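Worksheet: one structure, shown below.
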Amino acid sequence: MSLPSNAVVIAGPWRAIVVGGGHAGCEAALAIARSGFDVLLVTQNVDRIGWMSCNPSIGGIGKSHLVAEIDALGGEMARACDAASVHSKWLNSSRGPAVRALRAQCDKLAYATAMRRTLEMQPRLHIKQVDVKRLHLEGDRLAGIVSSTDLIFLSDVVVLTTGTFLDAVLHTGLRQQAGGRMGDGPSFGLGTQLRDLAVATMRHKTGTCPRVDGRTVAWDQLEPDHGHDPPPAMSRQSTGVQLPQMPCYLTYTNSKTHAVITANLDRSPMYSGIIEGTGPRYCPSIEDKVVRFAHHERHFLFLEREGWQTDEIYVSGLSTSLPADTQLEMVRTLPGLQEAEIVRFGYAVEYDAVDARALSRDLQVRNLPSLYLAGQINGTSGYEEAAAQGLVAGINAVAKLRGDPAVIFERSNSYLGVMVDDLTTQGADEPYRMFTSRAEHRLELRWSNADLRLTPLGRRCGLVGDAQWHKFEARGNRMKCAREVLHKTIVRPSKDELANVQALGAGQLGTPTTVAQLLCRAGVNWPQVAQWLPPQFGAGPHSELDDDDREELTTEARYAGYVEREQRRQARMIKLDSWKIAPDFDFGAIGSLSAEVVQKLSKVRPETLGQAARVPGVTAAAVQALGFALRRAVSTTKRGLEDLPAEDTVDAVG
């Protein structure tokens, strides 16, 4: 593409450019800078770096697992959350440890301030307010970005984290305006260029809730919901939650609310056919709730304060794109909000997202090497999913700059791996949201052991500093010693020990039993078995273990049998994932594959046999045929035959 006559080329000290200052962009830029490379972060509005455009909260079911993994790898989201949390609470606390989750409502201004300050203090990280209109190509090679004012910024790699801004339109009632967020303009040009590069896009939709003036709410009519005391921290690296806590309040819709909505559906852009994009299944608008769940008499809503420095209240659960007058009428049917005033009206955003099957598992665009995509541009929803992808893209941008192999997160070791594999294998026909149910290995992928799983990788990538590493080593060493004691300390069925065990309500002791085995019995917890442990591993004030350590060790003991069976299943899939498929492999040359399977595999371009097995519509018989073809190809070239798994591993897919 020829350059405009007034184009100015800028070659700074940076070797990477991150486009977008949202949650994905922040993590990507920090990862690159902390790895020792200069990086330029460009964004339309530097005052919106790290901004919470929608719900002022971090975490939730599945999402907090991603945040814990970001933290374990040396990322920033959890630490910024602890600096801004005003309502921190455990979810699923009565259920198993694998599905427990932490959610923190945040002071949105404090969160954005903490994140921006971190970026500004980070060496090698440069920030500029720039509106990007296209990528800069030199021939077929990516060479940087071009601004709307024809400034050309050169770089070796680019990470696009454009969120909901690609060709974005805002909807309030039947009124539309260009924009990726109320008050901020859209990004035009990049979406068209991606399509020109044969990267398929689709139309997605998301929405936000009205914010009401807290001074007009009748708080005495509402039920308060308090967080946990003391408030749990999201990050293992922080000194704890830093701000005073505040309650949320519960209210609910009713027949009057539903009547207002139903009477105005013809003015809804969703139900009048104006919005064509697909919305998030698990965070539907209030219009959707009323229409799809007409049998429900009411829907619960939470009033969440947006921070200590504002009286704005976020009405969580009331996402809507109805006209402003309808929104006010609807809000005033809610208990406690009969005289409420709306400060900001809700709206929907319709935007372009990329079909993530165009990406490899390092989040690099196959058709344009050195270009990485992260966040809602890949079809996801939520701050946590975006930040996690930003970290993956940043880590792999560094690997590209170093000439190192890509860093691939596996389904068996992280929720990061689950999400990236889901996106690049299946795509996202609707906005993707992380849940614990998406992870087949969730018994091992707990919130509580994210550091044990991933901090060594973060250290190798250069993201985990000395303080975090020493803290991790100390925890690992004391847990290793305690683990050995649990499995080596034996309680024998003597008269005295039988009495002690029966006093626990743990049943009979017929044979010598380890303390680890006792912990597996119903109703037995660490303080009860401490009598058999050395004081440094007990439950008293002189113990070297903290509450998190004891809980994690207890969980390990109780899950041991389940995890062992799961690991046997994992081993088979790991073997399948060791079968590499060349980027130009001709699936059509395998005569036994149906045309449908060839089409699906050719579109996804799986990198391994295991990934091919996870492509929707690819049968076990097709995977077996592909495995045989790969074996023949390797046999022909005489390379790596000894590394291939046995043929019965392929059979096991079915």
Side-chain angles (χ1 to χ4, degrees), residues 51-55 163-188 202-213 216-217 251-294 296 298-299 301 303-304 306 312-334 337-353 376 381 430-431:
W51 196 248
M52 292 179 162
S53 305
C54 193
N55 199 316
T164 61
F165 282 71
L166 283 187
D167 295 339
V169 178
L170 306 178
H171 298 267
T172 306
L174 303 182
R175 178 178 176 273
Q176 300 94 46
Q177 68 183 85
R181 175 174 53 210
M182 195 63 74
D184 293 303
S187 174
F188 288 130
M202 52 198 163
R203 207 69 174 155
H204 275 188
K205 170 259 177 188
T206 189
T208 189
C209 303
R211 278 78 159 174
V212 302
D213 188 336
T216 63
V217 175
T251 188
Y252 47 86
T253 64
N254 50 60
S255 59
K256 293 181 180 179
T257 315
H258 299 178
V260 170
I261 294 169
T262 303
N264 287 277
L265 285 177
D266 60 328
R267 304 173 68 199
S268 164
M270 290 181 57
Y271 285 90
S272 62
I274 294 176
I275 292 179
E276 299 178 353
T278 305
R281 177 187 301 266
Y282 302 103
C283 188
S285 68
I286 191 64
E287 299 97 290
D288 253 356
K289 291 179 185 178
V290 169
V291 172
R292 289 164 49 193
F293 307 106
H296 287 186
R298 62 181 186 176
H299 299 280
L301 309 171
L303 303 189
E304 301 178 337
E306 296 216 329
E312 279 190 76
I313 307 298
Y314 186 90
V315 188
S316 183
L318 203 68
S319 174
T320 184
S321 55
L322 286 165
D325 60 321
T326 303
Q327 290 189 40
L328 183 58
E329 184 182 0
M330 173 181 67
V331 163
R332 288 182 172 176
T333 65
L334 305 174
L337 280 77
Q338 296 91 336
E339 298 181 7
E341 293 291 343
I342 295 180
V343 179
R344 306 183 202 220
F345 292 94
Y347 59 91
V349 188
E350 193 176 17
Y351 58 97
D352 279 350
Q376 285 182 271
S381 67
E430 59 188 44

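None of the values given here were measured: they were computed from a predicted structure. For the single chain, residues carry numbers from 1 onward in sequence order.
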Say you draw a straight line from [atom1] of [X] to [atom2] of [Y]; how long is it, rounded to the nearest 0.5 Å?
X      : Y      : atom1 : atom2 : value
Gln327 : Glu329 : CD    : CD    : 11.5 Å
Ile261 : Ser285 : CD1   : OG    : 8.5 Å
Leu328 : Ile342 : CG    : CD1   : 5.0 Å
Cys54  : Arg181 : SG    : CZ    : 11.5 Å

side-chain contact (heavy atoms from CB on, under 4.5 Å) for Asp288 and Met270? Distances and angles first, verdict last.
CA-CA 9 Å; Asp288 253 356; Met270 290 181 57; 3.6 Å; yes
Quick check: do [X] and [Y] have side-chain heavy atoms less than 4.5 Å from each other?
X      : Y      : answer
His204 : Glu350 : no
Glu306 : Ile313 : no
Asp167 : Phe188 : yes
Asn55  : Ser316 : yes
Pro210 : Arg344 : no
Val212 : Glu341 : no
Tyr347 : Gln176 : no

For Ser319 and Glu287: C-alpha separation, side-chain torsions, deciding distance, then whether side-chain contact (heavy atoms from CB on, under 4.5 Å) applies.
CA-CA 8 Å; Ser319 174; Glu287 299 97 290; over 6 Å; no
Decide side chain to side chain donor-acceptor pair (under 3.5 Å) for Asn264 and Tyr271; before the verdict, give the C-alpha distance in whole Å, the side-chain angles of both, and the deciding distance to 0.1 Å.
CA-CA 10 Å; Asn264 287 277; Tyr271 285 90; over 6 Å; no
Does the pair [X]/[Y] count as a salt bridge with the N-to-O cut at 4.0 Å?
X      : Y      : value
Asp325 : Arg267 : yes
Arg281 : Glu430 : yes
Glu339 : Arg332 : no

If you look at every heavy atom in [X] and [Y], which pair is closest and at what distance?
X      : Y      : answer
Ala168 : Gly180 : CB-CA, 3.7 Å
Thr262 : Val290 : OG1-CG1, 3.9 Å
Cys209 : Gly317 : SG-N, 3.9 Å

Has Ser272 got a side-chain atom pairing as donor or acceptor with Ser268's backbone, closer than 3.5 angstrom?
yes
Under 3.5 Å donor-acceptor, Thr251 side chain and Leu334 backbone:
no
Can Thr253 and Arg298 be said to form a side chain to side chain donor-acceptor pair (under 3.5 Å), step by step?
CA-CA 5 Å; Thr253 64; Arg298 62 181 186 176; over 6 Å; no
Tell me yes or no: between the side chains of Thr257 and Asn254, is some donor less than 3.5 Å from an acceptor?
yes
Val291 and Leu265: CA distance, side-chain angles, deciding distance, side-chain contact (heavy atoms from CB on, under 4.5 Å) verdict:
CA-CA 9 Å; Val291 172; Leu265 285 177; 3.7 Å; yes
Would Tyr351 and Lys205 count as a side-chain contact (heavy atoms from CB on, under 4.5 Å) if you check the C-alpha gap in whole Å, the side-chain angles of each, and the deciding distance to 0.1 Å?
CA-CA 6 Å; Tyr351 58 97; Lys205 170 259 177 188; 5.7 Å; no
Name all pairs fulfilling the ring-ring contact (aromatic ring centres under 6.0 Å, His included) condition that reach into residues 167-187, sequence neighbours left out, sorted by first residue then second.
none
Have a look at Val331 and tell me which of Thr320, Val260, Val315, Leu318 forms a side chain to side chain contact (heavy atoms under 4.5 Å, CB included) with it.
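Exactly one candidate clears the test, Leu318.
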Partners meeting ring-ring contact (aromatic ring centres under 6.0 Å, His included) with His258 (sequence neighbours left out)
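Testing His258 for ring-ring contact (aromatic ring centres under 6.0 Å, His included), a comparison that skips the adjacent residues, returns His299.
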Between Arg211 and Tyr314, is NZ or CZ placed under 6.0 angstrom from the six-membered ring centre and within 45° of the ring axis?
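That pair does not qualify as a cation-pi contact.
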